[in-house]
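This is a predicted model, so every value here is computed, not measured. Scope of the values below: all heavy atoms of this structure, side chains included, with no hydrogens, waters or symmetry mates.
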Amino acid sequence: MPLPASLQVSVVTWRPDRALLERTLERLAGAIRAAQEENVLGTVHVALVDNSEDADIAAAVSALGRARFAGTRVHVACVHGHTNLGFGAAHNLVLHGTGANFHLVLNPDAELAPDALAVAVRWLDAHPEAGALAPSVTDASGRTQYLCKRYPAIVDLVLRGYAPRGLRRMFARRLAHYEMRDVVDASPPRDVIGVPLMSGAFMLVRREAIDRTGGFDPRFFLYFEDFDWSLRLGKVMKNAWVPQVRIVHHGGRAARKGLIHLCHYLASGWRFYRKHGWRWR
């Protein structure tokens, strides 16, 4: 009988909604426990990396994490006291730390289904050609979120993120192609190996793929770091979308988050296209 896999999880926070973070950690603990009880997972490390640059917030995040995993077979590390490094660079702080078989990049606003980790690790064990896995995603009301993407033209990003609803309806077919709705909405749903772009809300990555790509590019402070890593992961192994792995994601669009987020989005978009190639239409 094969030994259970080891897992490291990293959650990066920046002045988080504490109630939502608590739910995220509660669901994570439940999914870890279920996978350990089924002997799918053995050693698990959870790292909470706080970018808030506020000692009181960092202390609250640490206390929340330690309390949530107290009495479990999970090792918890809390990393804080540094400057705000950005999303990808903060994950990189712990990406290579334990040498675990798998690493889960998880948003502090994502809730795992009870069987999410057991299903995901079993699937990757059965598909050695796949280096990273993305889940099926809904919002809190159960509506599908289309977080896996094809390589975007600039017009796709503008339409999806900033165009009024009426204009998006005019280009619905184009946006549906970009959002891979033909794949995600297929009935019955099927696994897809070869997904171009994944979301950093949940990325379960094999150790070999991490070692061969080095992790996130720290030059992306916020936004597009997951797209960039997806493309690099896809060059060394395969990215997969597995609908049996389910999460709920509470995140919103950059356009709804104010001017600072818009500036980060535009700067990262520019860097992404400069690095991987411009596509206008």
ask   = Any idea how Trp123 and His127 line up, ring-wise: parallel (<30°), tilted (30 to 60°), or perpendicular (>60°)?
value = parallel
ask   = With side chains defined as the heavy atoms from C-beta onward, is the minimum distance between Gln8 and Val94 less than 4.5 Å?
value = yes
query = Does NZ belonging to Lys235 count more than 12 external heavy atoms closer than 6.0 Å?
reply = no
query = Less than 4.5 Å apart, any side-chain heavy atom of Leu117 and any of Leu112?
reply = yes
task = Would you confirm whether Arg246, through its side chain, and Ala113, through its main-chain N or O, come within 3.5 Å as a donor-acceptor pair?
result = no
query = Is there a donor-acceptor pair under 3.5 Å between the side chain of Arg271 and the backbone N or O of Arg219?
reply = yes
ask   = Glu225 side chain to Tyr223 main-chain N or O, any donor-acceptor pair under 3.5 Å?
value = yes
query = Are side-chain N/O atoms of His103 and Ser10 paired as donor and acceptor at under 3.5 Å?
reply = yes
Which atom of Pro243 lies closest to which atom of Ser136, heavy atoms considered = O-CB, 3.4 Å
ask   = Can you find a side-chain donor-acceptor pair between Gln145 and His249 that sits under 3.5 Å?
value = yes
key: Arg68 (side chain) donor-acceptor with Leu25 (main chain) under 3.5 angstrom   = no
ask   = How close do Ala34 and Pro114 get, heavy atom to heavy atom, and via which atoms?
value = CB-O, 3.6 Å
request  = Please determine if Arg212 and Glu208 form a salt bridge, counting it only when a charged side-chain N lies under 4.0 Å from a carboxylate O.
outcome  = yes
key: Under 3.5 Å donor-acceptor, Asp54 side chain and Ile57 backbone   = yes
query = When clusters are formed by joining ILVMFWY residues with side-chain heavy atoms under 4.5 Å apart, either directly or through shared neighbours, do Leu85 and Val12 land in the same one?
reply = yes
query = Is there a path from Leu147 to Val195 through hydrophobic residues (I, L, V, M, F, W, Y) whose side chains come within less than 4.5 Å of each other?
reply = no
message = Counting only heavy atoms from other residues, nucleotides and ligands, does the tally under 6.0 Å from NZ of Lys149 exceed 12?
response = yes
request  = Could you check Arg150, Arg173, Arg160 and say which one makes a salt bridge (Lys or Arg N to Asp or Glu O under 4.0 Å) with Glu179?
outcome  = Arg160
ask   = Is the Trp229 ring parallel, tilted or perpendicular to the Phe216 ring (thresholds 30°, 60°)?
value = tilted
ask   = Would a hydrophobic clustering, with Ile, Leu, Val, Met, Phe, Trp and Tyr connected at side-chain separations under 4.5 Å, put Leu231 with Trp278?
value = yes
message = On a heavy-atom basis, which atom in Pro4 and which in Gly42 lie closest, and how many Å separate them?
response = CB-N, 3.5 Å
request  = Taking all non-hydrogen atoms of both residues into account, name the closest pair between Ser141 and Asp139 and its distance.
outcome  = OG-OD1, 2.8 Å
query = Are side-chain heavy atoms of Ile193 and Glu129 found at a separation under 4.5 Å?
reply = yes
ask   = Can you tell if the side chain of Pro128 reaches within under 4.5 Å of the side chain of Met237, non-hydrogen atoms only?
value = no
key: Distance-minimising heavy-atom pair for Ser268 and Leu222   = OG-O, 2.6 Å
ask   = Given the rule in the side-chain contact (heavy atoms from CB on, under 4.5 Å) test, do Asp50 and Arg15 qualify, once you have shown the distances and angles that lead to the verdict?
value = CA-CA 8 Å; Asp50 185 68; Arg15 303 179 184 179; over 6 Å; no
query = Does Arg181 make a cation-pi contact with Tyr146 (under 6.0 Å, within 45 degrees of the axis)?
reply = yes
inquiry  = One pair to check against side-chain contact (heavy atoms from CB on, under 4.5 Å): Asn101 and Arg207. What are the steps and the verdict?
reply    = CA-CA 5 Å; Asn101 302 127; Arg207 172 56 48 192; 5.5 Å; no
message = Would the distance check show the side chain of Arg206 and the main-chain N or O of Leu124 forming a donor-acceptor pair, the cut-off being under 3.5 Å?
response = yes
query = Side-chain contact, heavy-atom cut-off 4.5 Å: Trp14 with Pro108?
reply = no
inquiry  = Contact between Trp241 and Asp191 at the side-chain level, heavy atoms closer than 4.5 Å - yes or no?
reply    = no
query = Is the centre of the Phe224 ring less than 6.0 Å from the centre of the Tyr265 ring?
reply = yes
ask   = Where the side chain of Asp115 meets the backbone of Val119, is there a donor-acceptor pair that is under 3.5 Å apart?
value = no
request  = Could you pull out the closest heavy-atom pair between Ala89 and Pro218, with the gap in Å?
outcome  = CB-CB, 3.9 Å
inquiry  = Hydrogens and angles aside, do Thr24 and Glu111 bring a side-chain donor and acceptor to less than 3.5 Å of each other?
reply    = no
query = Hey, which of Leu204, Leu7, Leu104 is the one that makes side-chain contact (heavy atoms from CB on, under 4.5 Å) with Val121?
reply = Leu204
Backbone of Asn84 reached by a side-chain donor or acceptor of Asn51 within 3.5 Å = no
message = Do Val9 and Val61 sit in one hydrophobic cluster, given that two such residues count as connected whenever their side-chain heavy atoms are within less than 4.5 Å of each other, even indirectly?
response = yes
key: Straight-line distance of Ile210 CD1 to Met203 CE, nearest 0.5 Å   = 9.5 Å
message = Before we go on, tell me: are the rings of Phe272 and Tyr151 under 6.0 Å apart, centre to centre?
response = yes
request  = Test side-chain contact (heavy atoms from CB on, under 4.5 Å) on Arg73 and Val44 and set out the steps.
outcome  = CA-CA 7 Å; Arg73 292 188 290 153; Val44 177; over 6 Å; no
message = I'd like to know if Asp217 and Lys275 make a salt bridge, using a cut-off of under 4.0 Å between side-chain N and carboxylate O.
response = yes
message = Testing the 3.5 Å rule here: is there a donor-acceptor pair between the side chains of His177 and Asp182?
response = no
query = Does Asp109 reach the main-chain N or O of Leu21 with its side chain, forming a donor-acceptor pair under 3.5 Å?
reply = no
query = Can any side-chain N or O of Thr98 pair as donor or acceptor with the backbone N or O of Ala100 at less than 3.5 Å?
reply = yes
query = Less than 4.5 Å apart, any side-chain heavy atom of Cys78 and any of Arg66?
reply = yes
key: Within-4.5 Å side-chain heavy-atom neighbours: Ser52 and Pro16   = yes
request  = Let me see the working for Phe202 and Asn107 under side-chain contact (heavy atoms from CB on, under 4.5 Å), right down to the final yes or no.
outcome  = CA-CA 7 Å; Phe202 178 113; Asn107 265 16; over 6 Å; no
Single-linkage hydrophobic cluster, 4.5 Å side-chain cutoff, Phe102 and Met198 together = no
